[in-house]
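As a basis for the values below, the full set of heavy atoms in this structure was taken, side chains included, without hydrogen atoms, waters or symmetry mates. Along the sequence shown, residues are numbered consecutively beginning with 1.
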Amino acid sequence: QVQLVESGGGLVQAGGSLRLSCAASGRTFSSYAMAWFRQAPGKEREFVAAINWSGGSTHYADFPKGRFTISRDNAKNTVYLQMNSLKPEDTAVYYCAASKYYSGSHYQNSYDYWGQGTQVTVSS
């Protein structure tokens, strides 16, 4: 069992930055591939970025490339999403997710555990 708790969301002006964190419980964090998804109001949840077990491989959706960076610190059981040059359309609830078997997957069904989400609001 893995419990995920996101933090770092908030209100920021367009062009600003935020760093989201996702802290995982348990001693097996390094055996899980991790990802960030987001869900904007009235829209389906969508893939943002993923990182493999060691942190050596990352995958991104097209929209955040060059603006968002996913990373992890296995010693701290934490995965991060650094978000720069934020746009109003980045406003959403951001979720982290953990997968035991799939690395880099864009599909929600690949992930076994989910956090409760953290709200990011970007004002214009």
If Ile, Leu, Val, Met, Phe, Trp and Tyr residues are connected whenever their side-chain heavy atoms lie under 4.5 Å apart, and connections chain through other members, are Val122 and Leu81 in the same group?
yes

Here the pair of heavy atoms bringing Ser105 nearest to Ala50 is O-CB, 4.5 Å

Sorted by chain and number, sequence neighbours left out, side-chain hydrogen bond (donor to acceptor under 3.5 Å, both in side chains) with Lys100 holds for Ser31

To the nearest 0.5 Å, atom OG of Ser124 lies from atom CD of Gln13 at 9.5 Å

(Q) Please determine whether residues Trp114 and Met34 belong to a single hydrophobic cluster, defined as Ile, Leu, Val, Met, Phe, Trp and Tyr linked transitively by side-chain heavy-atom distances below 4.5 Å. (A) no

Rounded to the nearest 0.5 angstrom, the CG-CH2 distance for Asn74 and Trp53 is 12.0 Å

(Q) Is the shortest side-chain heavy-atom distance between Phe68 and Leu86 below 4.5 Å? (A) yes

Sorted by chain and residue number, the side-chain contact (heavy atoms from CB on, under 4.5 Å) partners of Thr58 (sequence neighbours excluded) come out as Ile51, Tyr60, Ile70

Closest non-hydrogen atoms of Ser103 and Ala33, given as atom of the first, atom of the second and distance, are CA-CB, 3.8 Å

| query | Does Ser57 reach the main-chain N or O of Asn52 with its side chain, forming a donor-acceptor pair under 3.5 Å? | reply | no

In this structure, CG of Leu11 is separated from CD of Gln119 (nearest 0.5 Å) by 9.5 Å

Would you check, one step at a time, whether the test side-chain contact (heavy atoms from CB on, under 4.5 Å) holds for Tyr95 with Leu4?
CA-CA 9 Å; Tyr95 299 89; Leu4 303 174; over 6 Å; no

Going by chain and number, the hydrophobic cluster around Tyr107 (ILVMFWY, side chain to side chain under 4.5 Å) further includes none

Honestly curious: do Val48 and Tyr102 fall in one hydrophobic cluster under the side-chain, below-4.5 Å linking rule?
no

Here the gap from Asn77 atom CG to Cys22 atom SG, rounded to the nearest 0.5 Å, amounts to 10.0 Å

Of all heavy-atom pairs linking Ser85 and Ser17, the shortest is N-OG, 4.3 Å

* **Note, Tyr94 side chain near Glu6 side chain (heavy atom, < 4.5 Å)** => no

Worksheet item: Linking I/L/V/M/F/W/Y whenever any side-chain heavy atoms sit under 4.5 Å apart, do Val120 and Phe63 land together?
Response: yes

For Val5, the hydrophobic cluster (side chain heavy atoms closer than 4.5 Å, chained through members) also holds none

In short, salt bridge (Lys or Arg N to Asp or Glu O under 4.0 Å) pairs touching residues 41-50 with sequence neighbours left out are Arg38-Glu46

Name the orientation class of the two ring planes belonging to His106 and Phe47 (parallel below 30°, tilted from 30 to 60°, perpendicular beyond 60°). parallel

Scanning both residues in full, the closest heavy-atom pair of Ser21 with Thr78 reads CB-CG2, 4.2 Å

Here the salt bridge (Lys or Arg N to Asp or Glu O under 4.0 Å) pairs for residues 65-82, sequence neighbours left out, are Asp62-Lys65, Arg67-Asp90

Determine, using the 4.5 Å side-chain heavy-atom cutoff (strictly less than), whether Leu20 and Tyr111 are members of one ILVMFWY cluster. no

